[in-house]
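The structure appears below as structure tokens.
What you see is a predicted model, and the numbers here were worked out from it, not measured in a lab.
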Number of protein chains: 2
Amino acid sequence: MPRKVTIQDISRVAGASPSTVSRVLTGNASVSPEKRLAIENAIKQLNYRPSHIARSLKTSTTMSVGLLLNEINNPFYSNVARGVEEVANQRGYSLILCNTNEDPERELQYLHVLQDKQVDGIILGPTGHNVEHIAQLAERTPLVQIDRQIESNKLSAVLVDNEEGGYQAVRAFINKGHRRIALFTWHKPTIPTIAHRRAGYERALREANLPIDPTLVVDIPELTPEHTAELTIALLRQPDPPTALFALNNRIALGVISAISQLGLKMPQEVSLIVFDDLDFFAVVKPAISAVAQPSFQMGEEAMRLLFRQIETPDCPAEIVILPTELILRETV
Amino acid sequence: MPRKVTIQDISRVAGASPSTVSRVLTGNASVSPEKRLAIENAIKQLNYRPSHIARSLKTSTTMSVGLLLNEINNPFYSNVARGVEEVANQRGYSLILCNTNEDPERELQYLHVLQDKQVDGIILGPTGHNVEHIAQLAERTPLVQIDRQIESNKLSAVLVDNEEGGYQAVRAFINKGHRRIALFTWHKPTIPTIAHRRAGYERALREANLPIDPTLVVDIPELTPEHTAELTIALLRQPDPPTALFALNNRIALGVISAISQLGLKMPQEVSLIVFDDLDFFAVVKPAISAVAQPSFQMGEEAMRLLFRQIETPDCPAEIVILPTELILRETV
DNA sequence: TTGTAGGCGTTATCAA
DNA sequence: TTGATAACGCCTACAA
């Protein structure tokens, strides 16, 4: 097994000092054409690649950023990840992927790892916990929140207008004449997105002078399709069932759709449905499912751009970007 | 901005030499209880965290592995990623996420980055190119292929029995009396999975003494839903259309399902459908879509376990793990 | 423009 | 059990 080739080897072969080799590597200082050529040849010849680690130790910059997400296997987040990756890659940065599963302890653990590995920045879809730790961390390393913003802090964030998205969806229902509109929400008080979507729901009802009926909001503790479907079926079998259903995220939608299928209900004739967060399949299935689309890919891109701004300019003020949602009315409403 | 606290600071505060501090950090050597206590206190007091970079430079091990995938935003790959992450995290490893978009150049570029960052191992969903480079790389760093195996090499891999999966699906069609079974495949000669699935299709037909009709195989150049739907519609409008459709991956399925919806065809009365690769939504939608399920999460777990074995034992022989698929017959066949 | 020397924060070797 | 000392591979004053 050949020993790793280092800058010393290049120096020897090219007949130049290590510093000169380093100079052509980094490219900031000036080097005579002959030396440069000799060095470049030696590099090619020995198939030399600079050690990123040694470089990092010296410069204390790693060209990598942490990407901390709740569930990478949720299409929403995996599209965010794609967006982040796209712009990170363009600038030669790499991503350290961390998945929390909504587990605060795991989030904290990963936050430590990222700190230990001295990432140049962090993109964080927060669980909603570890608030103080995150605030402190952000003082030392650039950090931008994505999807959810911890209420108490004023760190940079890329969000979506959840309240307005929720409002528009319910507004669409009301315009179609619906009066009993059910809300399927996730019982997680630490997650602001859900709360904002729900606030939009309530605003639309209030504006239309409709009562906010607590029996129409289903607060789901655990997001399995089975569990959600069960609760949905129970609601739909009540004496005066809702005519419109609003599922607050794509995981909830799974259960709600399952319930509708099981009951054999026709959409939109017997129930209407809008899902917060659009999925590819919603557009091709019959009937095509209406959704509040979030620009997930762009959120990722924007978050990474924001992070770069923070990395590049030391005391960059925090920025909060709020992207619009798009209500896509298809065949279920 | 406080300077980073190092092992020197701990050494000073605890009244021990840096080497002793290092000893309690790594935990292999023996240290007297008093010193250990003093050091541990100092560590807590100064909130010290060892520099992973410095450690890596010294030990030339980074506790991170590269995860090189074709499209992280495809549910199949994002579930693989979750599986990989799960077992990597258990052992304190972190993941460098690389997305190729099926682009060989990008794959090569990322391979270089991973090498430069001296990852301890690589999990690779290969594009099918860069064959020699990968073979060479694998001599120096542990590497396991996932989902697809480059034909010419004998490196470790975690795969699925694509041929058998394809066979079973078509077999199910035949058992239901179908005679004209269309295949929707992706025109990418470098991808073995697709080829094997197709081989399974052909085996089932041959076995049932059915002709392999080239007009029934649709070779899709570009996997947009629109394009695929167009080709599907064209096929279904022919004089003697197929009665069963087999989509060879979830992206193709999108277009095929779109076509069926557009044509208003009833499943399974008017056409049957099986998709290779199962998605959450297939189970809840009406009619529920039949699929050949791949154990994507487990593939990720297994790949990471395999990689660990390679990392730990120097001359570990290559292992090839082939996981079974599961044919899930729902309502579309 | 070039080279020498020192250090980034650890760990490992060697004596004591 | 402990402490000097020397790397790991690179970058960067500083001096020439």
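- For S156(A), the side-chain contact (heavy atoms from CB on, under 4.5 Å) partners at least two apart in sequence or on another chain are V144(A), L306(A), Q310(A), A318(A), E319(A).
- In this structure, the nucleotide among dC10(D), dT10(C), dT1(D) sitting nearest to the side chain of S32(B) is dT1(D).
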Could you run down the sub-3.5 Å N/O contacts of the protein with nucleotides 14-16 of chain C?
none

CA sep, side-chain torsions, deciding dist, call: N89(A), Y110(B), side-chain contact (heavy atoms from CB on, under 4.5 Å): CA-CA 9 Å; N89(A) 179 259; Y110(B) 264 131; 3.3 Å; yes
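- Contact check, T20(A) against dG3(C): a side-chain N or O comes under 4.0 Å of OP1 or OP2.
- For the side-chain contact (heavy atoms from CB on, under 4.5 Å) test, residues two or more places apart in sequence or in another chain that qualify with L57(B) are I53(A), A54(A), L57(A).
- With the nearest nucleotide of DNA chain D identified for both Q118(B) and A29(B), A29(B) has the one nearer the 5' end.
- Taking E302(B) as the reference, R305(B), R309(B) meet the salt bridge (charged side-chain N to carboxylate O under 4.0 Å, His left out) condition, with sequence neighbours excluded.
- Phosphate proximity of dG9(C) to T6(B): absent, as no side-chain N or O sits under 4.0 Å from OP1 or OP2.
- A straight line from OH of Y48(A) to P of dG9(D) spans 10 Å, rounded to a whole angstrom.
- Whole-Å rounding puts the M63(B) CE to dT10(C) P distance at 16 Å.
- None of N99(B), T100(B), N101(B), T127(B) except one satisfies the side-chain hydrogen bond (donor to acceptor under 3.5 Å, both in side chains) rule with E107(B); the exception is T127(B).
- Atom NZ of K58(A) and atom P of dC11(D) are 10 Å apart (whole Å).
- Applying the ring-ring contact (aromatic ring centres under 6.0 Å, His included) test to residues at least two apart or on different chains, the pairs with a partner in residues 73-95 of chain B are Y93(B)-F308(B).
- For the pair R55(A) CZ and dC8(D) C1', the interatomic distance rounds to 16 Å; values are reported in whole Å.
- Between P18(A) and S30(A), the residue anchored closer to the 5' end of DNA chain C is S30(A), taking for each the nucleotide with the nearest heavy atom.
- Atom-to-atom, CG of L25(B) to P of dA12(C) comes out at 12 Å; the value is rounded to the nearest Å.
- The separation between D116(A) atom CG and dC8(C) atom C1' is 17 Å, rounded to whole Å.
- For the pair K35(A) and dG3(C), the criterion of a side-chain N or O lying under 4.0 Å from OP1 or OP2 is met.
- Separating the CD atom of Q8(A) from the C1' atom of dC10(D) is a distance of 9 Å, rounded to the nearest angstrom.
- For K44(B) and E40(B), the salt-bridge test fails: no basic side-chain N is under 4.0 Å from an acidic carboxylate O.
- Secondary-structure stems of DNA chain C, taken as three or more successive Watson-Crick or G-U wobble pairs (i with j, i+1 with j-1) under a 3.5 Å distance threshold, comprise C:1-16 with D:1-16.
- Listed nucleotides: dG3(D), dC11(D), dG9(D). Nearest to the side chain of A16(B): dG3(D).
- At the heavy-atom level, L57(A) lies under 4.0 Å from base atoms of the strands shown.
- Across all strands shown, T26(B) has heavy atoms under 4.0 Å from sugar-phosphate atoms exclusively, and none from any base.
- Here S56(B) lies out of heavy-atom contact (under 4.0 Å) with every strand.
- For dG9(D), neither phosphate oxygen OP1 nor OP2 lies less than 4.0 angstrom from any side-chain nitrogen or oxygen of S51(A).
- A donor-acceptor pair shorter than 3.5 Å can be found between the side chains of S94(B) and K117(A).
- Rounded to a whole Å, the CD1 atom of I39(A) is 13 Å from the P atom of dC10(D).
- Look at S19(B) and you won't find any side-chain N or O under 4.0 angstrom from OP1 or OP2 of dT2(D).
- The existence of a salt bridge linking E71(A) and R106(A) is excluded, since no basic side-chain nitrogen approaches an acidic carboxylate oxygen closer than 4.0 Å.
- Taking a 6.0 Å sphere around CD of E105(B), one finds it holds 12 or fewer heavy atoms contributed by other residues, nucleotides or ligands.
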